[in-house]
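Data first, discussion second: the structure below is written as structure tokens.
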Number of protein chains: 2
Amino acid sequence: MKKTILIFGLLILALLLLFQFSKYAVISGDLDSEFAIAIIAVVFFFVGVYLNKKSLQKQQTASEVINHQKIKDLDISKREYEVLVGISEGLSNKEIGEKLFVSESTIKTHVSNLLSKLNAKRRTQALQIAKDLNII
Amino acid sequence: MKKTILIFGLLILALLLLFQFSKYAVISGDLDSEFAIAIIAVVFFFVGVYLNKKSLQKQQTASEVINHQKIKDLDISKREYEVLVGISEGLSNKEIGEKLFVSESTIKTHVSNLLSKLNAKRRTQALQIAKDLNII
DNA sequence: AGTGGTTTGGTACTTTAGTATGACCTATTT
DNA sequence: AAATAGGTCATACTAAAGTACCAAACCACT
């Protein structure tokens, strides 16, 4: 938040400087007035694009970026998370085992632990919960 | 696509008119030059915001709106789709049956048909495929 | 060197999921 | 009226998924 305010302040300052600079450049005859206006138009156009992108980005991060902190809070280990990813790819326990080079038994253990940590009864429910928590 | 080009054309035209108008307004003394520049800056700022929003919207609609046509193409019936939604909510066959007021057997039939229509081996894979096709 | 957490893996078991098949009912279409 | 498509349900079966419990190996850390 503080960072945002700082960036905004600097931006406004820069724009005012550009404004004043182009005004004096035109007065002193170094710059064509139409050209100066065109520069200002282009600059403000991109400022609009930039600010809009920034504000939209923030809305997205809330629902699309995975929440690593939540994973830690739930005590989900790296291996368990890899298994969760395998589940989300629609793989069977056997296929996940082949992907991670371990036995199906191991995957079953991980899945079972994962389900209790996510408070889910089935792998499909685990997916739904994981999506809700933005950890997948 | 044609609509987009039309809007862009009209936009550029309007901007050029604004440009010319403000220039003559300044020359004729009806308008202060700094004020005119400020108007242009503001207008271009919002043009930037608008265009950016438009372009980002299109990227989202492609991946977030469900594709009803695809559902028809895959011959997925209303009931089967309801079952698919149940699966995506992490429900068991029995729970889906209770939700839709039919027996578990019926759900099993629907699921089985759904899997073959989606070319999936498991319900989790069906979810992954359904998301890929934007039908869920 | 021992402790704790993770990973691995097995056995034995219960529960869901999924397949195959057949049957019946009901709209809709031909 | 007969065919068609969708929905319903059952039985019987196979295949996954999931639970419980145990045990060994590994790594990081003190």
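Proteins come first, then strands; the chains are lettered A, B, ... in the order of their sequence lines, and each starts at number 1.
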Identify each atom pair where a protein N or O and an N or O of nucleotides 28-30 of chain C are less than 3.5 Å apart, giving names and distance.
none

Practice task
Taking only heavy atoms on the protein side, list every residue of residues 76-101 of chain A lying under 4.0 Å from any atom of DNA chain C, sorted numerically.
Solution key: A:Ser77, A:Lys78, A:Arg79
Handout entry: Under the side-chain hydrogen bond (donor to acceptor under 3.5 Å, both in side chains) test, residues paired with A:Thr106 that sit two or more places apart
Key = A:Ser103
Handout entry: Partner set under side-chain hydrogen bond (donor to acceptor under 3.5 Å, both in side chains) for A:Asp132, not counting sequence neighbours
Key = none
Practice task
Give a yes or no on whether A:Lys117 atom NZ has more than 12 heavy-atom contacts from other residues, nucleotides or ligands under 6.0 Å away.
Solution key: yes
Practice task
Return the set of residues passing side chain to side chain contact (heavy atoms under 4.5 Å, CB included) with B:Asn113 (not counting sequence neighbours), or none when no residue passes.
Solution key: B:Glu80, B:Thr109
Fill in the blank from the handout: Sequence neighbours excluded, the answer for side-chain hydrogen bond (donor to acceptor under 3.5 Å, both in side chains) partners of B:Asn93 is B:Arg123
Practice task
For A:Asn67, check side-chain hydrogen bond (donor to acceptor under 3.5 Å, both in side chains) against everything at least two apart and list the hits.
Solution key: none
Fill in the blank from the handout: So, with a heavy-atom separation below 4.0 Å from DNA chain D, the residues of residues 106-126 of chain A are A:Lys108, A:Val111, A:Ser112, A:Leu115, A:Arg122, A:Arg123
Problem - Helix axis bend for the helix from C:dA1-D:dT30 to C:dT30-D:dA1 - C1'-based end axes, five pairs, 10° rounding - result: 40°
Fill in the blank from the handout: Note: chain A reaches DNA chain D at heavy-atom distances under 4.0 Å over the stretch, first to last nt, 5' to 3', of D:dA17 to D:dT19
Completion exercise
Hits for side chain to side chain contact (heavy atoms under 4.5 Å, CB included) against B:Leu100, two or more places apart or cross-chain, chain-then-number order -> B:Arg79, B:Glu82, B:Val83, B:Ile96, B:Val102, B:Ile107
Exercise for the section: Among residues two or more places apart or on two chains, list those pairs meeting salt bridge (charged side-chain N to carboxylate O under 4.0 Å, His left out) that have a residue in residues 94-104 of chain B. Expected result: A:Arg122-B:Glu95, B:Glu89-B:Lys99
